[in-house]
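Below is one structure, written out as structure tokens; comments come after it.
By convention here, the first residue in the shown sequence is residue 1.
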Amino acid sequence: MQDQILSMKLKQRIEKLQGQEQSYWVDELYSYDALTNPTYRTELEKCFNLDPLGPLPPRAPGQ
């Protein structure tokens, strides 16, 4: 149950991403937290109007 609640740290990261260029939050989709915490991933998708069933955004060049 503990992992179902977003930590304050993750909430702050989402707030920081608001208003940033797309590359910032696209990179966040590949972060360890987004890949291992489904609740955080869902929140990112919701905040940035992403289709959870759609493909992942393309990786940035050089990654």
Legend entry - Residues in side chain to side chain contact (heavy atoms under 4.5 Å, CB included) contact with E43, at least two apart in sequence or another chain: L6, I14, K46, C47
Inset, instruction - Go through the structure and list residues passing side chain to side chain contact (heavy atoms under 4.5 Å, CB included) with S31, not counting sequence neighbours. - result: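 Counting only residues at least two positions away or on another chain, S31 forms a side chain to side chain contact (heavy atoms under 4.5 Å, CB included) with R13, E28, D33, A34, Y40.
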Legend entry - Polar side-chain atom of R41 near backbone of T36 as donor-acceptor pair, under 3.5 Å: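 Answer holds: no.
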Legend entry - Least distance between heavy atoms, L29 atom then L35 atom: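 Closest approach of L29 to L35: O-CD2, 3.8 Å.
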Inset, instruction - Measure the spacing between OG1 of T39 and CG of L44 and express it to the nearest 0.5 Å. - result: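 It is 11.0 Å, given to the nearest 0.5 Å.
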Inset, instruction - Any pair with a residue in residues 15-24 that passes salt bridge (charged side-chain N to carboxylate O under 4.0 Å, His left out), sequence neighbours left out, goes on the list, sorted by first then second residue, please. - result: none
